[in-house]
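Some notes on the structure that comes next.
Chain A is the first sequence line, chain B the second, and so forth, proteins listed ahead of strands; every chain is numbered from 1. All figures in this text were calculated on a predicted structure; none of them were measured in a lab. Keep in mind that the numbers below use all heavy atoms, side chains included, and drop hydrogens, waters and symmetry copies.
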Amino acid sequence: MGPQHPSTHGVLRLILTIDGEKVRSVVPDIGYLHSSLEKIAEQLDYRQYLPYADRYDYLNAMGNELCYVRAVETLLGIEPTPRCQWIRVMMAEMNRIASHLVYYGALAIDTGATTVLLYCFREREMLLNLFEAAAGQRLMYHYFRVGGLRNDLPPDFCEGLRAFCKVFPRMVAEYDKLLTKNRIFRSRTESVGYLSPETALAYGVTGPCLRGAGVPYDVRRADPYYVYPELEFDVPTYTESDSMARHLVRQEEMLQSVRILEQCLDHLPGGEVNVKVPRRLKPDPGEVYARVESPRGELGCYLVSDGSDHPYRLHMRTPSYYNLQAYPEMCTDAWIADLVAILGSVDIMLGDVDR
Amino acid sequence: MRKQDDTTFLALLGLIAEGARSICVGLHITAINFFRPSVCERYPRRDGKPDWQPRPGYRGDFALISDAERPGGLRCIACLQCQNICPDKCIHITPTGKGKERHPKQFLIDAGLCMYCWLCVEVCPVAALTMTPDYETSTDRPEKLIRTLEQLRERGKEYPEPLKVEMARADATSVAPTERRGD
Amino acid sequence: MSDQSQEPQAPEEVEETPAVVPLPDEWQAVVGDLLAEGNSVDQGGLRRGVPELVTTPDQVLGLLERLRSLDEPYNRLTDMCGADLGDHLQVLYFLCQGYTGKLLVVKVNLARDGEVPTATGLWPVANWPEREIMEMFGMTFTGHPEPAHLLLPEGWVGYPLRKDYVYDREHEWTRPDPMREDPEQALGLEEEDSE
Amino acid sequence: MSPIGLIATWLRALLTGWFRAWHIPAVFVDILAWIVGGVVILLMITLIALILIYVLRKVAAYIQGRIGPERVGPYGLFQTVMDALKLLQKEDIVPAGADKILHTLGPVVFFFVCTMGYLVIPWESQATIARQVDLNIGVLFLLAFSSLGVIGVLMGGWGSNNKWSLLGALRGAAQMISYEIPMLLALVCVVLMAGSLSLEVITEQQKALGLLSWNLWKPWLWLPMILFLITAAAEINVTPFDIPEAESELVAGYHTEYSGMKFALYFLAEFSNNFLVGLIFAVLFLGGWSSPFGHPDPLYLPEFLWLVGKAMVVVLFLMWVRWTLPRLRVDQLMALCWKLLLPAAFVSLVIVSIVGLYL
C-alpha cells in the first residue's frame, strides 16, 4: 500500500501481507519524506533554523516552534516575558485544535464519511484566519522568535478567538452526533486497533494514542512548562484502547483546549512580548532536552551547543515516529479497511515521521 | 453489524433501533447544514466584489521600497544582511558603489527556494525590503519564480513603506478592544 | 572505559563545569548500587535538570536493565539519538520513569566504528531509532533484528550525520526505476509482491 | 396516450407505410424500432447521468457548506458536460500486463447491463420504451440483469491486473451477489401483494386514489420497502455500501486503472444505475407514473414526468444518505446482509403472505 495512496496521510508505504481481506502482517516503510532536517540544523544558526522547526509536523507548526524555542531559550538562559508565555501557550493550544480538526476530518474520510472533513475545515478556517492575522501565514507560521514573538497580537485577535471559543463547542457537539455517535462509525472503530497499555509502554507511544489506552500521561501535566500549572484543564483518558477511544480522547481534548484558550484570554497579561537577545546567539556549550506536548504526543528537542552560533547537534523526538512503530501491533487481525481507519486514529504526520 | 454472537434478540432489536436513530440524527445534521450558507468564497469573484485579501503582514511576494534620493532609486544599501540571514540562501545581491552610494546592482530572490520566513525583512536595518500580500505567485516555469531587481522595484512602487502587522497595545490587559472585523 | 579524564574530549564537556550539579542523594545511592554491581558508570551529574549517566558499550545493556528494575523503574525509553563528538560517537538513551515525566539520559561513548548491543530486546521501540542511528552515524547495533536502512535508501554511501560527511554528488542516489528499464521483469516482480 | 406514446405510434405507422410501399418485410420495422429505441435509451441514460452528476455535486456542495460547480455555464450547469467531453478526449490507458480484452469488455458489459434495466420501466400508462420486451416478467428481468452487472465489475477488476482493482472487484462480486437475495425477497413481497411480476400491473394497482393508494402507506410493505432501499443501495455501491470502490482503501476499486472513455462508461453506468433504483422504487412503492392527486391526473402533466420526479426524490434521498454516513467494512457488510437483512426479508415475506391471505 502506497507510497502514493489516498489515505496514507502523506508518503508512507505499507508492505502488507494479506490473506483475502485479512491482514497478516504490516511493515511500514518510511523515509519517503526524509529531508535531513537534523543535518540542516548543523549548518544554520539558532535563529535561522526556526522556520525549519515548522516543517517537522506541519499541522502543528506552533507546537514545534514552541519546542525548539524552549530548547534554545533554556540553552541561552532566557526567560520569555509573561505575556509572551501566555501567547505561546495560546498559540500552541489553537494549533492543537487545528491539528485535531484535520485528524477528525481525515479519520472521517478514512471511514468513508466525506462531509465531516469539510465541516472540520470550516472551523479550522477560523483558526487559520487568526493565525494569518497574527503570524502572516496560514500553515508555516514562524511566529515565535528566540526571546519572544514576531510581533504582538493584532488588535482583533482576542475577539476573533473569543468568537471561536463560543462557537466551537457547539460544532464539536455536531461532529459528535454526525460521526462519533454514528452506528456505522462506531462499528468501524470500536474494538478495532487494540493497543494495550503494555504495548504502548514498550513502543514509547505517547499522546492521544496513549491516553486512549488509559494512561493519563500528558507532558503539560507531567513536566509542566510555561503557564500550564496555572491553567485548569483535564487530561481525558479512555480505557478501551481501541480506535474509538483514541478518537474520543481527541474530541475531548479539543474541548479542553477551548477551556485553556478561554482561560488564556481571561488572564492574558499586558507588557512586552520580547526580551532583549544578543544579535548573534552564542549559547554556552551545553546540552538541553526540552519537551512539549504536541497534538500527536510527546515532542522532544535535544540540542547540543558547542559555543558557536549554530547547533552542534539537534535531534527532535517526534511523536509520530514512535507512534507509527506501534502501528503494526495495532493491526493484528485487522481487515484492509481497518488498516486505514487505524492509521487515521493513530494520526501520524509523515513530515513528523521522516523528518 | 458488530459481533452479535451472544446478543439476545431484544438486544439486537435495540441495536438496530439505535443504529437507525444515529443515522437519522446524522441525516438531520447534514440537512441543517444543507440550508446553512456556504462558507466558501467565490474566487476569483465575478460579482464585482473584491477578491479575498490576506491580512496585513501576510508573507506573500517581495518588494524593494523605493527612495528617489538614493542611487538606484532604492532604499536598499546592499548591506547583505538579508542574504546572510536567509536560511535557504535564496537571496543573491550584487552590490555596487562605495560608502553612502552603495546600492544593489542586482537583487535576486528565488521565490521557489524561499520558505517565506520573513527573517530577511526583519533583519533589514533600513526597512528597505518588504513582503507584499500578493498570494498569486504561482507560475508554470521555475525560472519565472526568480525575482529580479526590476520586478522588485516595480512591486515596491505600490508600497511606500514596509508592511507591518498592526499591534495590539502592549499595555492592553486582557482583551484588545477594537471593532470586530467581519469574517 | 570512559572516566572523567576522557570525558573532556566531548565538546560540550569543555566549559560545562558550572552547569554540572552533583547527583542528588537518592541518585548517589542508586549509582552506588550500580557501581557495586560491577557497572562502570560515570556520574555525569545533573545538567539542565536532567540526570545523566555515561557508560561504555559493553555495559550499557546491563545498566539499562538495572535501571528498568529499580524500585522506581526507568521503564520507558522515550527517545534515542546519536551524536558525533569528533573523535568518538555517542548514543543517547532518554529514559523516563514510567509516566511521571522524570527523565534520565544514558550516554554511551564508542569509537567511530564501534558496536553497541541492541536494546530492542528490552524495548521494541528501539528498533527504528537504532536503524536510523546506524545509517546516520555508521555504528553497529549488534543483534539488531533488521539492520536495514530506515530513512535513507539502500546503497547510500556515507553516514550523513557525521561531522566529516561530505555530500558526494558522484554518489548521488537515484531510485532505480525497473519499469523504465525492463517493464516485463518489473511486472513479474510486482506480481510476486502482490501474491 | 402521452406525447411519447403518440410520437412513437405515429413514427411506427409512418415507417410501416413506407416499408410497405418499398416492399420491405415488416420485420425491419421492428428492427429499426429497436435500434431507434436503443439509441433513445442510450441518449437518455447519458443525459440522466450528466444531470445526476451535476445534482450530486451541488447537493454535496450544499451539504458540505461549499458552492459546487459554478463556472461553466449558468450555475455551472455545463460543468459535467465539459467533464464528459474532457474524459472523451483523454488517452485510453491500458496498464501493461492487463488483459486487454477483459479490460475493454468490462465497462462495456457493465454499461450494457445497466441499460437493459431501463427496458421494462413503465414510463407511461401504455408505452414502455420497447414494447417487445415481455412485461409479464418485469421484476424478474430487472433482477436477472442487475445480477449480471457483477460480471462487468469482475471483468474490469480482473483485467486491470492491479491489486486494488482485483480486491474491489471481488468485494463487488461478493456484495452484489449477497445483496441480490434480500432484494429479491423484498421484491417478492411486493409481487405477492400485486399478484403480478409486471411492473405495469404494479403501477396500475396504485393509481386509483393517487397518493393514498401507494404501496408506501401499507404497513406490511414497510419492511420490504426499507429492505429494498438498503439492498438497492448496496447493489449500486453508494455509501455506506461503496466498499467495491472504497476510495480511502482501494483508491478507486475496480476502476482504478481506467481512464478516458472506459472510465466514463463505468461512471455513466453507475449514475444511471442510481437513477434506475430510483425508478424502480418509484414504481414499486410510489405509484410509478400515476399522479399523486388521483387518476386521471388533475394537473394533466405527462405521466413520465411524475415517474422521473418521484425517482429524483429517491435519488436525492440516496445522495443525502451518501454524504452523511461512513462506510461499512467488508465483514460487517456481509454480516449485515446474511445475519440481518436476509432474516428480515424472510420475516417480511411471511408477514406479507399472511396479510395477502386475509386481505
Side-chain angles (χ1 to χ4, degrees), chain A residues 1-2 4-9 14-23 105-123 125 171 174 177-192 243 247 333-344, chain D residues 56-68 157 162-175 230 233-234 237-253 256-257 319-336 339-340:
Chain A
M1 184 187 265
Q4 285 165 355
H5 188 275
S7 45
T8 46
H9 298 244
L14 298 171
I15 300 164
L16 307 179
T17 317
I18 54 172
D19 176 9
E21 289 261 346
K22 274 274 183 192
V23 177
L107 181 62
I109 286 253
D110 288 345
T111 51
T114 336
T115 309
V116 183
L117 177 86
L118 276 299
Y119 294 168
C120 290
F121 271 53
R122 183 179 64 196
E123 268 66 71
E125 197 64 15
M171 292 304 172
E174 203 166 89
K177 277 196 253 171
L178 179 56
L179 187 71
T180 316
K181 291 270 192 313
N182 187 291
R183 182 71 246 166
I184 299 176
F185 182 74
R186 284 176 57 187
S187 62
R188 283 296 303 277
T189 49
E190 276 175 3
S191 59
V192 162
S243 295
H247 176 75
D333 208 30
W335 298 77
I336 287 183
D338 285 341
L339 278 184
V340 175
I342 297 170
L343 195 64
Chain D
L56 179 86
R57 282 172 158 194
K58 275 290 186 192
V59 168
Y62 284 137
I63 282 184
Q64 297 171 348
R66 296 185 286 118
I67 301 170
N162 173 311
K163 52 200 168 187
W164 302 126
S165 300
L166 183 62
L167 273 174
L170 291 178
R171 281 180 177 193
Q175 174 183 341
I230 294 174
N237 311 332
V238 298
T239 321
F241 306 104
D242 59 345
I243 63 155
E245 48 200 87
E247 167 190 326
S248 55
E249 308 140 33
L250 302 187
V251 188
T256 305
E257 293 288 358
M319 283 178 187
W320 181 18
V321 172
R322 177 181 185 152
W323 295 118
T324 304
L325 295 186
R327 183 186 306 121
L328 283 165
R329 210 170 54 201
V330 185
D331 59 326
Q332 291 163 347
L333 185 93
M334 288 297 153
L336 178 70
K339 290 187 185 164
L340 202 65

Looking at CG of L325(D) and CZ of R183(A), how far apart are the two atoms once the value is rounded to the nearest 0.5 Å? 13.0 Å
For P326(D) versus L179(A), what's the shortest heavy-atom pair and its separation? CG-CD1, 4.3 Å
Distance (rounded to the nearest 0.5 Å) between I184(A) CD1 and L336(D) CG: 8.5 Å
Closest heavy-atom pair and its distance - R327(D), D110(A): NH1-O, 3.9 Å
Test item: Q64(D) and R122(A) side chains (from C-beta on) under 4.5 Å apart, heavy atoms: no
Looking only at heavy atoms, what is the nearest atom pair of R329(D) and A337(A), with distance? CG-CB, 3.6 Å
Chain D contact via Y119(A) - side chain, backbone, both or neither, heavy atoms under 4.5 Å: side chain
Testing the basics here: between T115(A) and T324(D), what is the closest heavy-atom pair and its distance to 0.1 Å? OG1-N, 4.4 Å
Go through the atoms of R66(D) and report whether side chain, backbone, both or neither lie under 4.5 Å from a heavy atom of chain A. side chain
